[in-house]
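Written below as structure tokens is the structure these notes are about.
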Amino acid sequence: MRCPYCRHADSRVVDSREADDGQLIRRRRACPECGKRFTTVEEAVLAVVKRSGVTEPFSRTKIIGGVRKACQGRPVDEDSIALLAQRVEETVRAKGAAEIPSHEVGLAILGPLRDLDEVAYLRFASVYRSFDSLADFEREIETLRAAARARDGAGAEPAGAQ
């Protein structure tokens, strides 16, 4: 690591600490040339492999953008969207792989989004799963209704359901 003060090509690690729940490593370094100290931060890069084969760095901002579009006009606040994006990132990083297919990122979004807002979930799922007919929506809605019945009690129909 080059010294940011004198540009000497070498430095010595004085101290290392984990930060951000182990996602980052902060290293305190000393330059043997000028004697000054500086801090570096190392982060493991998680790459997303798109369907086309192109690889790009994982972006929590892209997750937030996609979920925000799905939640447009819905009673979902920005904090909930940011928390969902954090959960998605934690889920994909927990797999321990340096590269993850974009399909798995999408799957990691669907579960928390369904819990957050069912309409936003349907919007996202319709694009993600390429719904092309009314039957696709009906199938997904029936799956949501079955999950709600299971949650609310065996076979009990939610109020107002037909």
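Along the sequence shown, residues carry numbers from 1. When reading the values below, keep in mind they use all heavy atoms of this one structure, side chains included, and skip hydrogens, waters and symmetry mates.
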Heavy-atom closest contact ([X] atom, [Y] atom, distance):
{"X": "G106", "Y": "F124", "answer": "O-CE2, 4.2 Å"}
{"X": "P101", "Y": "V48", "answer": "C-CG1, 4.4 Å"}
{"X": "S80", "Y": "L116", "answer": "CB-CD1, 3.7 Å"}
{"X": "S11", "Y": "P32", "answer": "CA-CD, 4.0 Å"}
{"X": "C34", "Y": "Y5", "answer": "SG-CB, 4.3 Å"}

If you apply the rule side-chain contact (heavy atoms from CB on, under 4.5 Å), what do you find for V76 with L84, and how did you get there? CA-CA 11 Å; V76 177; L84 183 144; over 6 Å; no
Considering only heavy atoms from C-beta outward, does the side chain of R27 approach that of M1 to under 4.5 Å? no
Are D136 and R129 side-chain neighbours, meaning at least one heavy-atom pair lies under 4.5 Å? no
From [X] [atom1] over to [Y] [atom2], what is the distance, rounded to the nearest 0.5 angstrom?
{"X": "F137", "Y": "R123", "atom1": "CZ", "atom2": "CZ", "result": "10.5 Å"}
{"X": "S102", "Y": "F58", "atom1": "OG", "atom2": "CZ", "result": "12.0 Å"}
{"X": "R68", "Y": "T61", "atom1": "CZ", "atom2": "OG1", "result": "9.0 Å"}
{"X": "L122", "Y": "R114", "atom1": "CG", "atom2": "CZ", "result": "10.5 Å"}
{"X": "T91", "Y": "Q86", "atom1": "OG1", "atom2": "CD", "result": "10.5 Å"}

For E118, is there an ion pair with R74 - N to carboxylate O distance below 4.0 angstrom? no
In plain terms, say whether E33 and R7 are close enough for a salt bridge, that is, a side-chain N and a carboxylate O under 4.0 Å apart. no
Is E142 atom CD crowded by more than 12 heavy atoms from other residues, nucleotides or ligands, each under 6.0 Å away? yes
Between Y128 (side chain only) and H103 (backbone N and O only), is there a donor and an acceptor less than 3.5 Å apart? yes
Distance-only, no hydrogens or angles: does the R37 side chain make a donor-acceptor pair with backbone N or O of V14 under 3.5 Å? no
Matching residue for T39 among R26, R17, R29, R28 - test: side chain to side chain donor-acceptor pair (under 3.5 Å): R28
I'd like to know whether C71 forms a side-chain contact (heavy atoms from CB on, under 4.5 Å) with L113, so could you lay out the CA-CA distance, the side-chain angles of the two residues, the decisive distance to 0.1 Å, and finally the verdict. CA-CA 9 Å; C71 292; L113 186 54; 4.1 Å; yes
Give a yes or no on whether V127 and F131 share a hydrophobic cluster (residues Ile, Leu, Val, Met, Phe, Trp, Tyr; joining criterion: side-chain heavy atoms under 4.5 Å apart). no
Verify same cluster id: I100, L107 (apolar side-chain graph, 4.5 Å): yes
Can you name the one residue among L110, I109, I64, L83 that meets side-chain contact (heavy atoms from CB on, under 4.5 Å) with V88? I109
Would you mind telling me which of E90, E89, K95 makes a side-chain contact (heavy atoms from CB on, under 4.5 Å) with R93? E89
Between I81 and E78, is the side-chain contact (heavy atoms from CB on, under 4.5 Å) condition met? List the steps. CA-CA 5 Å; I81 293 171; E78 286 295 316; 4.2 Å; yes
